[in-house]
Structures are given as C-alpha cells and as structure tokens.
Asks: 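Just dropping this structure here.
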Amino acid sequence: MSRAIPFRPVRLWSAARSTPRLARPQSHLQSTRNVSSHTSASAPRPHPHRLALQLGGAAALSLLSYYYLSNRVKLDEIVDDPSPPTPVGEGLIPFGEVQKHNTPEDCWVVINGKVYDLTEFATSGHPGGAAPIQRVAGRDASAIFNPLHPPEQSRTVSTRARAAQGDLGEKEQEREISLAEIIGLPDFDAAAKVKLTGKAWAYMSSGATDQCSLDLNRHSWNSVLFRPRILIDVDVVDTSTKMLGHSTELPFFISPAGMAGLAHPIAERGLARAAGQAGVIQMVSTNASAPLAEIVGSKTRPDQTFFMQLYVDRNRSKSEKLLETINELGMKAIFVTVDAHAPGKREADERSRAEIEVASGISGGKIATDSKGGGIGRSVGGFIDPKLSWKDIEWLRKHTKLPIGLKGVQSVEDAKKAAAMGIEAIYLSNHGGRALDTAPPSLYTLMEINKLAPEVLEKCEIYLDGGIRRGTDVVKALCLGAKGVGLGRPFLYSLTYGPEGVSHAIEILRDEIQTTMRLLGVNRIDQLGPHLLNTRPLESQILDQLPKNDPFK
C-alpha cells in the first residue's frame with residue numbers, strides 16, 4: 001500500500017537516552033513504511049546553539065542571528081518521503097498518530113524518521129523560541145531541521161525532549177482495514193479515514209456549511225422503493241449500455257473528483273487503469289492531480305473511453321489550450337461544470353491546515369492556507385470564471401466538435417433550456433453537497449423532470465451523481481430515465497488501496513447491480529423503468545408545477 005502523502009511511521013525516542021524506546025507493538029502497520037532506528041555514533045561537532053550558550057551576551061545574539069537568517073528554510077519546502085514501502089518492524093508509530101499531537105500543549109515532531117515530544121523543549125529549551133517548533137507540530141520537520149543542524153545534533157534534541165511515555169499505548173488505535181474485509185462501498189469510508197491524512201480526509205469527506213445536502217444525497221435513495229416482478233428467467237443479466245454513443249460494461253462512471261493524488265501517489269492514473277480493466281468510463285477532473293496526457297496514457301485497452309470535466313478559466317486562453325489538448329488526446333465528451341461560480345464553504349476542509357503543497361497537474365491550482373483557513377476546494381478553485389453564462393455555449397462549440405454536457409444542473413427550468421439549446425447531456429448534481437447547502441439532491445431534480453418536463457429525457461441524455469453507494473441506487477436512477485450515474489468519493493476512498501482498491505469497488509458495484517436486476521425480474525438495462533419503482537414517499541418533496549414567473553427565461 002502506498003499513500004497520497006507517504007510519511008513514515010517512526011520510532012518513539014526517549015528524552016533520557018539516545019536509544020529508541022519502542023511503543024506498544026502495532027500489528028496493523030504491516031503495509032506502512034519502515035525506517036532505521038539508528039543514528040550516527042560520531043562525536044558531535046560544535047554547533048551555534050552550544051557556542052551561543054558558552055559565549056553569552058551580545059556575542060551569542062550575533063551568532064544566532066547570523067545562523068538563523070542565513071540558513072532559514074521555508075515551510076513550503078517540505079517534501080514527501082520518496083522511500084519505497086517496506087514491511088514495518090515492531091513498535092513503529094504511524095504518522096496518523098503523530099498528526100494528532102499538533103498543538104503547543106501537545107507537540108510531537110518527526111525528525112529524520114523519529115518522533116520527538118517537544119512540548120516542553122519548545123518553550124523552555126529551544127534557543128530559537130517556541131514558534132519554529134510549534135509551526136510544525138504533528139508534522140515531519142526533517143526538511144527544516146537538517147539544513148540548520150548537523151546530522152548528529154538530533155541527539156541533542158532527544159536529550160532535551162520529554163518522552164511521550166505511554167502516550168501511544170494509552171490511546172485506542174484505529175485498526176487499518178484490509179481490502180479483503182471490504183464487502184460494500186460504505187466500508188471504504190471507515191477504511192479511508194484511517195489511511196488518509198487528516199487534511200485529505202477533511203477535503204474529500206466534507207460538505208458545505210451544515211451539510212444538509214450531503215446528508216439528503218445519501219438518504220434520498222432509501223426513500224424510493226422497488227416493485228419487483230417474479231417468475232422471470234433471469235439466469236443471464238446484461239449490464240452493458242452506451243453513454244453518448246460509447247459502450248460501457250456497467251451503467252456508472254468514475255466521477256471527476258479532483259486531487260486524487262491525496263488518496264494515492266498514482267492519482268488519476270490508477271483510476272484509469274482500473275476503469276479500463278473493468279470496461280467503465282472515467283470522467284477526468286480539471287483539478288486532477290496528474291497531467292491529463294498521463295491519465296489518458298494509463299489506459300489498459302485501446303478503445304477505453306474518457307470524458308472530460310471542464311472548469312472554465314478566468315483566462316479563457318488557458319481553457320482554449322486545454323480544449324485543444326482534450327481534442328488531441330481523443331477524449332469523447334466535455335462536461336462543463338456550471339454550479340461552481342463560487343466555492344462552497346466547507347468548514348471541515350477550512351479548519352484543517354495543509355500538511356504539504358499539492359498542485360493540480362492540469363489546472364495548476366495549488367493547496368494553500370490563508371486568513372479564511374486551509375480549504376483545498378477553495379484554494380485550488382480560484383481560477384474558475386464566475387462570468388460563465390449561457391452565451392458561452394457558443395464559445396465552447398467553436399473550440400470543440402465533441403458532445404457537450406452541463407454538469408451541475410439543479411432545476412427543471414435549466415434542464416429544459418439546455419435541451420432546447422441542443423446540449424447533448426445534462427448532468428444533474430449538487431456538487432456532492434459541497435457547493436450550495438440545501439440545494440436539492442439530484443434524485444429530486446430527476447423526479448421533477450419526469451413529472452414536469454418528460455420531453456427532456458427524449459432530447460438529451462441524463463446523468464447524475466450524489467450519494468450513490470449501492471447497486472440498488474444505480475438501478476433506481478436508471479428506472480427514472482438516467483442514462484448513467486457517477487460516483488466520486490467511493491472511488492477516491494478505494495484509491496487509497498491503489499488500482500486494486502478501485503477494481504474491488506467496481507466489482508462490488510457490478511455484483512450488486514446484477515443482483516438487483518435479477519431480484520427485480522429484468523435481464524437488460526433497457527427493461528428498467530418507473531413501473532418498477534414506488535416514489536410516493538418522496539412526492540411531497542417534488543414541485544407540483546413550475547413557477548409561473550421565471551425571471552431567468
């Protein structure tokens with residue numbers, strides 16, 4: 001297993017001696033990284049901190065000032081640990097545990113593969129003051145420490161630091177879940193929370209403000225009931241279909257969730273490999289971690305289909321250049337996101353500071369922290385053009401001959417307008433509950449289209465996402481006229497296990513869809529329809545008629 005930010009588990013070092021004191025054995029760390037527990041035995045050389053204590057007064061101040069001003073390293077120069085995964089020995093601490101000790105009152109720091117509790121040393125023993133240490137609390141500070149200190153000076157730190165005696169052993173540790181234990185997509189949620197960094201989990205799992213739309217997305221599917229038919233030969237079930245004329249073995253696709261590199265270093269390349277092997281379509285995000293050419297180049301079959309999600313850039317020339325690349329790479333459709341004129345307020349994402357700088361391999365958007373917080377979604381989406389309007393459909397048509405879909409449609413009125421303008425695909429979505437909180441689940445919008453504008457289903461293809469976690473959810477959407485559905489978070493979470501995890505997630509869904517079709521009494525996708533559903537429990541949530549006065553017409 002590799003991780004998006006592959007920090008090492010490390011040994012706990014004692015304040016009283018220069019040999020590692022092992023924490024309680026952690027049997028669940030077999031797939032994380034290992035590091036040596038040994039340091040150089042050579043005698044320490046004179047160091048400015050020690051000389052300063054000997055000199056005292058003005059001489060000490062001058063020496064330390066010169067040393068710090070001439071050698072200061074910026075926090076954003078911290079880099080990932082490139083070492084390959086190896087088995088872990090007994091007593092190693094996972095980096096997730098280190099991250100929990102990230103306050104001035106409880107300050108653990110990783111230096112060259114070892115954990116130090118610098119809570120007391122930061123305030124009473126560090127010549128540079130507490131701030132430089134507290135800024136890297138719960139993080140790997142090797143890239144900052146090493147240029148300022150000779151290698152053997154790490155032993156000086158260990159003799160001044162208070163050991164975290166028993167801290168790890170007294171806390172209940174979350175057990176890492178093996179891939180073989182995962183039998184449903186919801187299982188990936190708990191597994192990913194353990195495997196991801198705190199920041200990555202906050203970014204992927206969070207919704208906007210009170211997360212009402214996020215919750216409704218999931219629960220709405222359970223309110224629609226099936227009406228199964230019996231005594232039908234369902235020995236053979238065919239789950240294949242077509243999306244915008246392109247064949248797919250399953251009626252779902254990988255949604256364009258950005259920054260997959262936070263889940264695994266292989267990023268969207270791993271999604272592409274698994275999608276090709278399973279014969280499903282991948283929709284690539286403009287905020288993908290990997291370069292677009294590398295993602296498409298990771299295909300595992302010559303006829304593999306890729307769709308592209310497009311955020312229109314404020315600098316239109318950049319989007320035009322991206323459209324040119326999309327055309328050259330042979331991608332098959334473009335879905336323009338239309339519900340992100342401003343980033344949603346995702347509070348869990350904002351509260352968590354970024355451990356490292358990560359940038360999109362396509363848009364160039366970077367993770368950063370500012371006065372509003374450390375939101376990945378907001379900081380990487382600053383390039384998106386808030387002036388995007390209906391008239392820009394004509395601009396898009398000038399730069400591509402590919403089918404165009406609109407991603408983020410949330411009302412019947414806009415669905416009707418898009419169909420009237422000749423848009424080939426309508427993608428119903430509330431951005432996974434991450435944009436406008438209390439916006440309707442896509443299921444509600446699909447039901448309203450069926451009730452108030454059924455002609456839209458004949459004019460263009462309908463896709464949707466939002467809260468889909470089961471094969472039953474996929475089949476319900478198809479019964480209501482959707483051509484296919486997208487899943488974002490489940491595939492990001494499964495990617496924490498690499499391409500094998502994504503393949504496992506796809507096969508779980510394949511089995512659930514086949515089982516649902518058999519139990520409903522159907523053999524093919526085209527046999528699904530509203531006659532197999534009871535939507536009455538949700539009817540009270542659906543409009544009876546469209547507003548008479550629409551100022552947006």
Side-chain angles (χ1 to χ4, degrees), residues 185 217 221 224 237-257 271-272 274-276 278-285 303-309 331-337 402-409 415 418-419 423-430 432 441-443 445-447 449-450 456-491 502 505-514 516-517 520 522 524-530 532-533:
L185 294 193
N217 280 353
W221 295 103
V224 175
V237 170
D238 183 4
T239 60
S240 64
T241 186
K242 287 188 175 182
M243 298 183 188
L244 291 173
H246 300 282
S247 298
T248 174
E249 293 183 17
L250 291 160
F252 62 83
F253 55 89
I254 298 176
S255 288
L271 296 174
V280 302
I281 294 172
Q282 177 185 2
M283 190 179 295
V284 182
S285 170
D303 60 343
Q304 187 168 338
T305 300
F306 292 90
F307 293 162
M308 183 70 195
Q309 174 269 334
M331 303 183 83
K332 302 304 183 183
I334 296 172
F335 284 76
V336 184
T337 293
L402 294 175
I404 292 176
L406 300 185
K407 179 181 181 294
V409 175
I423 292 295
E424 286 86 353
I426 294 173
Y427 189 152
L428 308 177
S429 175
N430 61 19
S442 56
L443 173 58
T445 310
L446 180 58
M447 290 178 59
I449 290 174
N450 273 272
V456 171
L457 297 170
E458 304 297 327
K459 293 181 179 179
C460 54
E461 295 186 1
I462 302 291
Y463 300 90
L464 60 82
D465 65 18
I468 294 167
R469 294 294 181 274
R470 295 290 187 181
T472 50
D473 303 335
V474 175
V475 173
K476 288 173 184 178
L478 300 180
C479 286
L480 288 170
K483 193 69 174 178
V485 303
L487 295 93
R489 289 183 179 94
F491 286 124
V502 182
I506 291 173
E507 292 311 311
I508 287 173
L509 270 181
R510 186 196 302 271
D511 178 68
E512 290 185 358
I513 292 170
Q514 290 174 342
T516 302
M517 291 174 65
L520 274 179
V522 300
R524 303 186 312 274
I525 297 295
D526 61 8
Q527 294 173 333
L528 296 172
L532 294 170
L533 297 181

Asks: Do you know which two heavy atoms are closest between T239 and E249, and how far apart they sit?
Replies: OG1-O, 2.8 Å

Asks: Is a donor from one side chain sitting under 3.5 angstrom from an acceptor on the other, for Y463 and S255?
Replies: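 Checked: Y463/S255 side chains show no N/O donor-acceptor pair below 3.5 Å.
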
Asks: Quick one: ring-ring contact (aromatic ring centres under 6.0 Å, His included) partners of F307, sequence neighbours excluded?
Replies: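 Expected list: F335.
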
Asks: Give the minimum heavy-atom separation between G276 and Q304, together with the two atoms involved.
Replies: CA-OE1, 3.1 Å

Asks: Less than 4.5 Å apart, any side-chain heavy atom of I281 and any of M243?
Replies: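 I281 vs M243: side chains touch.
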
Asks: If I take atom CE from residue M331 and atom CE from residue M283, how far apart are they, to the nearest 0.5 angstrom?
Replies: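 If we round to the nearest 0.5 Å, M331:CE and M283:CE are 9.5 Å apart.
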
Asks: Roughly how far, to the nearest 0.5 Å, is CG of L428 from CG of L406?
Replies: 10.5 Å

Asks: Could you check if a side-chain atom of I506 sits within less than 4.5 angstrom of a side-chain atom of F252, using non-hydrogen atoms only?
Replies: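 Yes, at least one pair of side-chain atoms sits under 4.5 Å.
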
Asks: Side chains of residues 466-482: which donor-acceptor partners sit under 3.5 Å, not counting sequence neighbours?
Replies:
{"from": "R470", "atom 1": "NH1", "to": "E512", "atom 2": "OE2", "distance (Å)": "3.0"}
{"from": "D473", "atom 1": "OD2", "to": "R218", "atom 2": "NH1", "distance (Å)": "3.3"}
{"from": "D473", "atom 1": "OD2", "to": "R469", "atom 2": "N", "distance (Å)": "3.0"}
{"from": "D473", "atom 1": "OD2", "to": "R470", "atom 2": "N", "distance (Å)": "3.1"}
{"from": "K476", "atom 1": "NZ", "to": "W221", "atom 2": "O", "distance (Å)": "2.8"}
{"from": "K476", "atom 1": "NZ", "to": "V224", "atom 2": "O", "distance (Å)": "2.7"}

Asks: How far apart are the closest heavy atoms of R510 and L250, and which atoms are they?
Replies: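 That would be CG-CD2, 3.6 Å.
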
Asks: Are L457 and I462 packed together at the side-chain level, in the sense that at least one heavy-atom pair is separated by less than 4.5 angstrom?
Replies: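 Side-chain contact under 4.5 Å: yes.
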
Asks: Identify the two heavy atoms, one from G405 and one from I423, that lie closest to each other, and give their separation to 0.1 Å.
Replies: CA-CG2, 4.1 Å

Asks: Tell me whether S442 contacts the main-chain N or O of D465 through its side chain, where contact means a donor paired with an acceptor under 3.5 Å.
Replies: yes

Asks: Compare every heavy atom of S247 with every heavy atom of K242, then report the nearest pair and how far apart it is.
Replies: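 Nearest pair, atom of K242 first, then S247: CE-OG, 3.6 Å.
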
Asks: What's the separation between atom CD1 in I449 and atom CE in M447, rounded to the nearest 0.5 Å?
Replies: 12.0 Å

Asks: Considering only heavy atoms from C-beta outward, does the side chain of E461 approach that of P403 to under 4.5 Å?
Replies: no

Asks: Please report the shortest heavy-atom distance between I254 and A275, naming the atom on each side.
Replies: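 Shortest heavy-atom contact: CD1-CB, 3.9 Å.
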
Asks: Between E424 (side chain) and I404 (backbone), is there a donor-acceptor pair under 3.5 Å?
Replies: yes

Asks: Test T305 against L244 for side chain to side chain contact (heavy atoms under 4.5 Å, CB included), laying out the working first.
Replies: CA-CA 11 Å; T305 300; L244 291 173; over 6 Å; no

Asks: Tell me, do I525 and M517 make a side-chain contact under 4.5 Å, heavy atoms counted?
Replies: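 Side-chain contact under 4.5 Å: yes.
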
Asks: Taking the side chain as everything from C-beta on, heavy atoms only, tell me whether T248 gets closer than 4.5 Å to F253.
Replies: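 Contact flag for T248/F253 side chains = no.
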
Asks: Atom CG of L446 and atom CG of L464: how far apart are they, to the nearest 0.5 Å?
Replies: 5.5 Å

Asks: So do I426 and C460 actually touch side chain to side chain, heavy atoms under 4.5 Å?
Replies: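 A side-chain contact under 4.5 Å exists here.
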
